[in-house]
Undergrad: 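To start, I am sharing the structure in question, which I have written as structure tokens.
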Amino acid sequence: MAELGAENGSKFIFGGWDGAELAAKFGTPLYVYSEEAIRSRCREARETFMERWDDSLAVYAGKAFLTTAMCKIVASEGLGLDVVSGGELHTAMEAGFPMERVFFHGNGKTDEELRLAVEAGVGRIVADGPSELARIEAASRLSGKRTAVLMRVTPGVDADTHKYIQTGHTGSKFGFPLSEGVLADEVGRYRDAEFLDLKGFHFHIGSQIFENKSHVMSVKILVKTMAELARSQGFQTRELNMGGGFGVEFDPRKKSPSLASFTDPMMETLTAVCREEGIPVPGTFIEPGRWIVSEAGATLYTVQEVKKTGGITYAAVDGGMTDNPRPALYGAKYHAHFPGKMDIPRSETVTIAGKCCESGDIIIENLKSPPLERGDLVAVLNTGAYTFSMASNYNRLPRPAAVLVSPGRADVIAERQTWDDMVRWDRVPGHLR
Ligand SMILES: Cc1ncc(COP(=O)(O)O)c(C=O)c1O
């Protein structure tokens, strides 16, 4: 794996580059992605999941970070791609991503998105509820194509994570509830549909999960459901998609769990319970997002002002909740390095503040740092997932550029927005001109 956050004297080295050099070359704030780190996680997914278990595919969850260049990397590594909107699907199409490896997910899909997905010939559409199944069928009939479908189910498992990123609990907005008999009715209705190929089920119980017990429990619940459907309707589940959610440590002193620490017990449970129930083991998918890309990204900022007030030392930087809403949204904790000052003892305690007009726009609270001054660089680690993809233009702040680095190469994969971009979509009605 490329050096991530390594130290070389005063320098902060990331993906083979000196952070200060990247800041000088591309400006700040700047999202930096290490190509080798992304590829090494894709390789691990291939080796520990796809090559270990028959008929399996790891599908990268594009919501974590998606650009056309990212699609190209994922495609070349042989993984699938999970998209959740017309915009993400369009990105995959622009990148020439093999459509048969694309999974179209999400709740609240519009007819326009469903039409696009059907016509593009995506590998699977994952239906989020009964009326959506009907609409997928209608879109497929209209275009004369048979669409392969998985039904997303809510296994009723409370994953041990922030409630905003739990998705598998009873009452979740996602999926078909298992407990209310809806699933069996819908399977009965569509199992022999002319334009739907009902292949099986999907669950995703949440994000940032560190122990495998909720995933394993969900597998057991799903296999029991599959067995019940086999007994009651003779329905054979051919595929099970077990979602993502594999956790990543934000404290650089801790090591993130391996993918195999989740997938091995999940697959062993799947195999054992299918055997007990006397049903065939289905083909399987997993959908890691954060686990693939989080540690591969860092964000570089420049300190604009250092201020001491009420016993707190603030270092205000040139970005914030617009380029990384996660601390404000769910109290996400980050760690940072200080390029150019890596060899200076961290004798101070500083709070890294974003520049948005919200007191909650704090990127890191109470971080040990060297003495800081205006112009210093801050490199926030582990910002590869759910930052660029969740960025906004609050306060009309342009979105930073994203660069993809490897030793000897640094390429812009998303241009920095400009102040002109901030007014690009504005229109002034005639009476105000
Ligand atoms: C259906 C689905 N699959 C996969 C993921 C990826 O989750 P993570 O990035 O935690 O692996 C998500 C995240 O929201 C999701 O909704």
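These values consider heavy atoms only, across backbone and side chains, with no hydrogens, waters or symmetry-generated copies. First listed ligand is number 1; within each ligand, the first listed atom is number 1. All values derive from a computational prediction rather than experimental measurement.
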Undergrad: Can you confirm whether more than 12 heavy atoms, excluding those of Lys63, are under 6.0 Å from its NZ atom?
TA: yes
Undergrad: Salt bridge (charged side-chain N to carboxylate O under 4.0 Å, His left out) for Arg231 and Glu277? Distances and angles first, verdict last.
TA: CA-CA 10 Å; Arg231 281 191 291 272; Glu277 296 287 346; 3.2 Å; yes
Undergrad: With a heavy-atom distance limit of 4.0 Å, tell me whether His105 approaches ligand 1 through its side chain, its backbone, both, or neither.
TA: side chain
Undergrad: In terms of atom number and element, which parts of ligand 1 are under 4.0 angstrom from non-hydrogen atoms of Tyr386?
TA: 6 (C), 7 (O), 8 (P), 9 (O), 13 (C)
Undergrad: Checking the N or O distance criterion of under 3.5 Å, is ligand 1 in contact with His202?
TA: no
Undergrad: How does Asp82 reach ligand 1, if at all, at less than 4.0 Å between non-hydrogen atoms: by side chain, backbone, both, or neither?
TA: side chain
Undergrad: Which part of His204 is near ligand 1, with near meaning a heavy atom under 4.0 Å away: side chain, backbone, both or neither?
TA: side chain
Undergrad: Quick one: does Gly243 get a heavy atom under 4.0 Å from ligand 1?
TA: no
Undergrad: Could you check whether any side-chain heavy atom of Glu137 comes within less than 4.5 Å of a side-chain heavy atom of Tyr190, counting everything from C-beta outward?
TA: yes
Undergrad: Determine whether Asp264 and Arg52 satisfy the following criterion, salt bridge (charged side-chain N to carboxylate O under 4.0 Å, His left out), listing intermediate values before the conclusion.
TA: CA-CA 9 Å; Asp264 279 1; Arg52 185 149 151 57; 3.1 Å; yes
Undergrad: Please check if the number of heavy atoms outside His335 that lie under 6.0 Å from its NE2 is greater than 12.
TA: yes
Undergrad: Tell me whether ligand 1 is touched by Phe174 - counting only heavy atoms on the residue side and a distance under 4.0 Å.
TA: no
Undergrad: State whether a side-chain donor-acceptor pair under 3.5 Å links Asp361 with Tyr394.
TA: no
Undergrad: I'd like to check whether Gly289 has a polar contact with ligand 1, where a contact means an N/O of the residue lying under 3.5 Å from an N/O of the ligand.
TA: yes
Undergrad: With backbone taken as N, CA, C and O and side chain as the heavy atoms from C-beta onward, which portion of Pro288 lies under 4.0 Å from ligand 1: side chain, backbone, both, or neither?
TA: backbone
Undergrad: Would you check if there is a donor-acceptor pair between the side chains of Arg326 and Thr383 at a distance under 3.5 Å?
TA: no
Undergrad: For ligand 1 and Trp291, I'd like to know whether there is a polar contact (N/O to N/O, distance under 3.5 Å).
TA: no
Undergrad: Which of the atoms of ligand 1 are close to Ala61, meaning less than 4.0 Å from one of its heavy atoms?
TA: 4 (C), 5 (C), 6 (C)
Undergrad: For the residue pair Arg41 and Tyr60, establish whether any side-chain heavy-atom pair is separated by less than 4.5 Å.
TA: no
Undergrad: Can you sort out which atoms of ligand 1 are near Arg152, meaning under 4.0 Å from one of its heavy atoms?
TA: 1 (C)
Undergrad: Which atom names give the shortest non-hydrogen contact between Ser140 and Phe195, and what distance separates them?
TA: CB-O, 3.6 Å
Undergrad: Side-chain contact, heavy-atom cut-off 4.5 Å: Leu377 with Phe12?
TA: no
Undergrad: Looking at Arg290, which atoms of ligand 1 are within less than 4.0 Å of one of its heavy atoms?
TA: 8 (P), 9 (O), 11 (O)
Undergrad: At less than 4.0 angstrom from any non-hydrogen atom of Glu287, what atoms of ligand 1 do you find?
TA: 1 (C), 2 (C), 3 (N), 4 (C), 5 (C), 6 (C), 11 (O)
Undergrad: Could you tell me if any non-hydrogen atom of Gly245 lies under 4.0 Å from any atom of ligand 1?
TA: yes
